[in-house]
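Convention: sequence-line order gives letters A, B, ...; per-chain numbering from 1.
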Amino acid sequence: MGSFLLEDSMSFSERVYHVVQQIPKGCVVTYGQVAALIGAPRSARFVGYALHSNPYPGIVPCHRVVFKDGALAPGFAFGGPEEQFRRLSEEGVEFTTHDDGIRRVILERYQWRMG
DNA sequence: CGGCTGACACGAA
DNA sequence: CTTCGTGCCAGCC
């Protein structure tokens, strides 16, 4: 662990899982950020598709991946955004609540940075 | 084997 | 400020 080495033999989705696995507890990353890390900045949406398939439940912390604005994915596969919210709260991640009730992660404080 | 569709992001109008 | 088009992976009919 701790290695960000991406081999050529890895497919797009394998790279996604590889990167997401490195996200520390209590931190979040955006879909676009993951896409950029695997060298496919134009494929942010496919990152989400790959995670939806999530072949490694409990291994790939897909709940730590959020929208660019900090909002949660509407179709989270584990039990909806509510479950994702609970998991992140459990790790100490804090949210702001919009007037309309839209919860957003405070990215300024919890977005993971590589370095 | 071909086509549909799904956890996003961003520039242009 | 809002709306629309494009990018182009992978599993499932």
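In this structure, the CD atom of Glu14(A) is 8 Å from the P atom of dA10(C), given to the nearest Å. Between Lys68(A) atom NZ and dG7(C) atom P there is a gap of 20 Å when expressed in whole angstrom units. For Arg42(A) and dG11(B), the CZ to P distance is 8 Å, given to the nearest whole Å. Atom CD in Gln33(A) sits roughly 11 Å away from atom P in dC10(B) (whole-Å rounding). In this structure, the CG atom of Asp69(A) is 13 Å from the P atom of dT2(C), given to the nearest Å. The distance from atom OH of Tyr31(A) to atom C1' of dC9(C) is 15 Å, rounded to the nearest whole Å. Protein atom CZ of Phe67(A) is 6 Å distant from nucleotide atom C1' of dC8(B), rounded to whole Å. Atom P of nucleotide dC9(C) and atom CZ of Phe46(A) are separated by 6 Å, given to the nearest angstrom.
The residue Gly75(A) sits close to a base: some heavy atom pair falls under 4.0 Å. Contact annotation for Phe12(A): backbone-only contact, meaning every heavy-atom pair under 4.0 Å involves sugar-phosphate atoms and none involves a base. Contact annotation for Ala40(A): no contact, since no heavy-atom pair falls under 4.0 Å across all strands.
Side-chain N/O atoms of Ser11(A) include none lying less than 4.0 angstrom from OP1 or OP2 on dC9(C).
Considering only the side chain of Ser13(A), dA10(C) comes nearest among dA7(B), dA10(C), dC10(B).
Comment: Arg86(A) does not engage Glu90(A) in a salt bridge, judged by the lack of any side-chain N to carboxylate O separation of less than 4.0 angstrom.
Ring planes of Phe78(A) and Phe76(A): tilted class, angle from 30 to 60°. The aromatic rings of Tyr31(A) and Phe67(A) are tilted relative to each other, their planes meeting at an angle between 30° and 60°.
Contact check for Ile38(A) versus Val16(A): side-chain heavy atoms found under the 4.5 Å cut-off.
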